[in-house]
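FYI, the numbering just counts along the sequence from 1.
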Amino acid sequence: MNGAPGSAWASLRVVPGGEEELQLLGTPAHDDPSPLTARHLFDLASLTKVFTAVAALRLVDDGRIDLDEPVEAVLPVGTGDAAHRITLRHLLTHSSGLPAEGREWREGLRGAELRRRVLQRPLKFEPGGGHLYSDVGYIAAGEYLERVSGRPLAELWAEVSGAIGADSLTAVPEPSLAVATETQPHRGPVRGAVHDELAHALDRPAGHAGLFGSVHDVAALARMVRDGGDGPHGRVLSVASVRDLTTAAVRADDGYGQAIGLRVRDESWMGDIDAVGHTGFTGTCFAVHPGSGAFGVLLLNRVHPTREHADIAAVRRAFFSPLAPFA
């Protein structure tokens, strides 16, 4: 129906010099024939990391934290001789040396004990010594933000969503408004609960995954990036923080640049455009072309009902290709 795996397609795109184009196709689940609407909430998966990064940069702008201060005094994280040198900048740019994921949930661990075990994983390399996309790093970042601010991560996310005008962003969606994801062996059909197995087992919000949002919620984030930190109610991020969010600080082995939160020119899914953005495992993504003001949001539930044969890289590249300015 929509040319991609899953049951749902919600997109919003602005090409150079054009108007916003909204497209809604399909249904929220294969067994739910109601038409998809702009109010439906997708499991944003790793787009959550961008909201966590924005929350962190707002605390930096407020003078509450320093990106380059070791986090150990507040949150000991990782094991190894150099773990004490990990900074928030390392965590937010996937350069801490922490592993990609924590598989302890497969052993039946949950909650606080699972979080403790995940945060003490051995480092793969010394902080600043490379790039490894890491859910563990963003779990640590979220925990660190909670401790330094004295506020739950959900409140920090809500503050970001209010500032950018993402009015329906939430970690606890109404199931009837949620778009279904995967039928998992140990959970059955997942709808209205976080798809990410580690985030689900942690039993409370984590910095790497867990937010649900509509196409308009993600578009609000894209507009803030496009507009240099401005939101509908005033400035969201300082000029310096927007630079950190959009300028590559680390080079990934796959060739893209890694800024705080965002990827820079990731050709594997952006195609040949000079853009910044992020993807989510469930099928979500957005990209912004800062020079032209064009941006696109594409939300799919590609893992519904299964993640098998669910490659959408070509679909993403085709969707974002019109963002490049005309020659």
Which distance, rounded to the nearest 0.5 Å, do you find between the [atom1] of [X] and the [atom2] of [Y]?
X	Y	atom1	atom2	value
Leu109	Arg106	CG	CZ	13.0 Å
Leu211	Thr52	CG	OG1	7.0 Å
Phe212	Leu47	CZ	CG	12.5 Å
Arg115	Leu198	CZ	CG	9.0 Å
Leu67	Arg89	CG	CZ	4.5 Å
Arg265	Tyr256	CZ	OH	16.0 Å

Discussion item. Let's go through Asp61 and Arg235 carefully: what are the C-alpha distance in whole Å and the side-chain angles of both, what is the deciding distance for salt bridge (Lys or Arg N to Asp or Glu O under 4.0 Å) to 0.1 Å, and is it a yes or a no?
Written reply: CA-CA 11 Å; Asp61 287 343; Arg235 182 151 286 276; over 6 Å; no
For [Y], is there any backbone N or O sitting under 3.5 Å from a side-chain donor or acceptor partner on [X]?
X	Y	answer
Ser95	Gly128	no
His84	Asp81	yes
Ser134	Pro99	yes
Gln258	Leu262	yes
Gln184	His195	yes
Arg191	Ala178	yes
Arg223	Asp227	no
Arg302	Thr282	no
Ser238	Ser241	yes
Gln120	Pro76	yes

For atom [atom1] of [X], decide whether the heavy atoms of other residues, nucleotides or ligands shown that lie under 6.0 angstrom number more than 12.
X	atom1	answer
Asp62	CG	yes
Arg64	CZ	no
Glu113	CD	yes
Asp68	CG	yes
His309	NE2	no
Arg147	CZ	yes

Quick one: closest heavy-atom pair of [X] and [Y], and the distance?
X	Y	result
Val54	Met224	CG2-CE, 4.0 Å
Ala193	Arg187	CB-NH2, 3.6 Å
Ile139	Ala206	CG1-CB, 4.3 Å
Thr246	Val242	OG1-O, 2.8 Å
Asp244	Ala259	O-CB, 3.4 Å
Trp157	Pro205	CZ3-CB, 3.6 Å

Worksheet item: Looking at Phe320, is Arg13 sitting on its ring face, NZ or CZ under 6.0 Å from the six-membered ring centre and within 45 degrees of the normal?
Response: no
Worksheet entry | Distance-only side-chain donor-acceptor flag, Ser46 / Tyr133, under 3.5 Å | yes
Worksheet entry | Between His208 and Asp196, a side-chain donor and acceptor under 3.5 Å | yes
Worksheet, complete the sentence: Given the options Val218, Asp266, Thr279, Leu44, Cys285 meets side chain to side chain contact (heavy atoms under 4.5 Å, CB included) only with Thr279
Discussion item. Ile86 vs Leu123, test: side chain to side chain contact (heavy atoms under 4.5 Å, CB included). Steps then yes/no.
Written reply: CA-CA 10 Å; Ile86 294 174; Leu123 300 190; 3.9 Å; yes
Worksheet item: Stepwise, does the side chain to side chain donor-acceptor pair (under 3.5 Å) test hold for Ser7 with Asn301?
Response: CA-CA 7 Å; Ser7 63; Asn301 61 339; 3.0 Å; yes
Worksheet entry | SB check Glu197 Arg110 (cutoff 4.0 Å) | no
Worksheet item: Could Arg85 and Glu72 be called an ion pair, given the rule that one side-chain N must be under 4.0 Å from one carboxylate O?
Response: no
Discussion item. Taking salt bridge (charged side-chain N to carboxylate O under 4.0 Å, His left out) as the definition, give me every residue that meets it alongside Arg226, ordered by chain and number, with sequence neighbours left out.
Written reply: none
Fill in: Check against salt bridge (Lys or Arg N to Asp or Glu O under 4.0 Å), Glu159 and Arg151
CA-CA 11 Å; Glu159 189 176 83; Arg151 300 167 61 194; 3.3 Å; yes
Worksheet entry | Derivation and outcome, side chain to side chain contact (heavy atoms under 4.5 Å, CB included), residues Val264 and Val276 | CA-CA 5 Å; Val264 181; Val276 298; 4.0 Å; yes
Fill in: Ring centres under 6.0 angstrom apart (Trp269, His278)
no
Practice prompt. Would you sort out whether Val194 and Asp43 count as a side chain to side chain contact (heavy atoms under 4.5 Å, CB included), showing the intermediate values?
Written response: CA-CA 7 Å; Val194 61; Asp43 183 326; 4.1 Å; yes
Worksheet item: Going through the distances and angles, do Asp217 and Ser168 end up as a side chain to side chain donor-acceptor pair (under 3.5 Å)?
Response: CA-CA 7 Å; Asp217 292 328; Ser168 55; 2.5 Å; yes
Worksheet item: Which is it for Glu21 and Leu12 under the side chain to side chain contact (heavy atoms under 4.5 Å, CB included) test, yes or no, and what are the steps along the way?
Response: CA-CA 5 Å; Glu21 302 169 350; Leu12 193 154; over 6 Å; no
Worksheet entry | Sequence neighbours excluded - ring pair (Phe, Tyr, Trp, His ring centres under 6.0 Å) pairs with any residue from residues 5-55 | His30-His304
